[in-house]
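See structure below.
Counting from 1, the numbers follow the sequence of the chain as shown.
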Amino acid sequence: MNLITTIALIATALSMILAIVSFWLPLMTPDHEKLSPYECGFDPLGSARLPFSLRFFLVAILFLLFDLEIALLLPLPWGDQLSSPLSTFLWASAVLALLTVGLIYEWLQGGLEWAE
């Protein structure tokens with residue numbers, strides 16, 4: 001039996017065993033605290049179905065947008081081993097410049113202000 005087949009069989013067997021055990025182990029008698037919509041220790045003050053602030057949504061989207069630069073710049077240390085490190089530097093600088101321009105635009109438009 002080759003190595004790939006052995007690894008696939010072990011992974012399949014282990015996942016099946018874990019799936020079967022996960023059905024037997026949990027407690028099937030939930031209490032009042034587990035059935036409540038919040039598990040943070042205090043009673044809910046209002047409905048959990050109320051719409052949230054659009055400003056919060058915009059700030060969350062901006063955070064995700066500007067946090068994406070980490071994922072785009074993460075391979076940069078390996079990119080300097082290319083035949084032309086200058087092109088890697090120029091692409092990284094273009095990404096950072098674009099994000100900086102977007103940050104300045106959002107700042108001037110008031111998208112980062114919490115209070116009116």
Side-chain angles (χ1 to χ4, degrees):
M1 205 178 259
N2 61 10
L3 183 64
I4 295 175
T5 307
T6 305
I7 291 173
L9 286 175
I10 290 172
T12 304
L14 185 62
S15 62
M16 293 295 284
I17 289 170
L18 289 175
I20 291 170
V21 168
S22 71
F23 283 113
W24 288 336
L25 284 182
L27 298 174
M28 297 310 233
T29 56
D31 57 351
H32 175 69
E33 294 297 325
K34 286 292 184 182
L35 293 176
S36 68
Y38 300 101
E39 294 183 9
C40 58
F42 61 88
D43 293 331
L45 302 175
S47 173
R49 303 291 182 236
L50 292 176
F52 57 89
S53 171
L54 184 61
R55 184 164 301 274
F56 174 78
F57 177 73
L58 289 176
V59 170
I61 292 296
L62 286 174
F63 173 76
L64 288 175
L65 176 70
F66 290 113
D67 193 46
L68 197 65
E69 72 179 273
I70 294 172
L72 292 174
L73 296 177
L74 191 63
L76 190 60
W78 293 279
D80 64 351
Q81 298 173 2
L82 295 174
S83 60
S84 176
L86 182 63
S87 64
T88 305
F89 175 74
L90 290 176
W91 280 110
S93 298
V95 167
L96 287 175
L98 182 66
L99 287 172
T100 304
V101 168
L103 177 64
I104 292 170
Y105 175 76
E106 286 297 326
W107 197 331
L108 292 176
Q109 293 295 320
L112 301 175
E113 299 292 328
W114 281 103
E116 297 280 332

What distance separates [X] [atom1] from [Y] [atom2], expressed to the nearest 0.5 Å?
| X | Y | atom1 | atom2 | value |
| --- | --- | --- | --- | --- |
| I104 | L99 | CD1 | CG | 11.0 Å |
| L103 | L108 | CG | CG | 9.5 Å |
| S93 | L86 | OG | CG | 9.0 Å |

* Structure fact -> Given the options L14, V21, I20, L18 meets side chain to side chain contact (heavy atoms under 4.5 Å, CB included) only with L14
* When I10 is tested against each of I7, T6, T12 for side chain to side chain contact (heavy atoms under 4.5 Å, CB included), which residue passes? -> T6
* Asked: Do I17 and L25 belong together in a cluster built from hydrophobic side chains that touch within less than 4.5 Å?
  -> yes
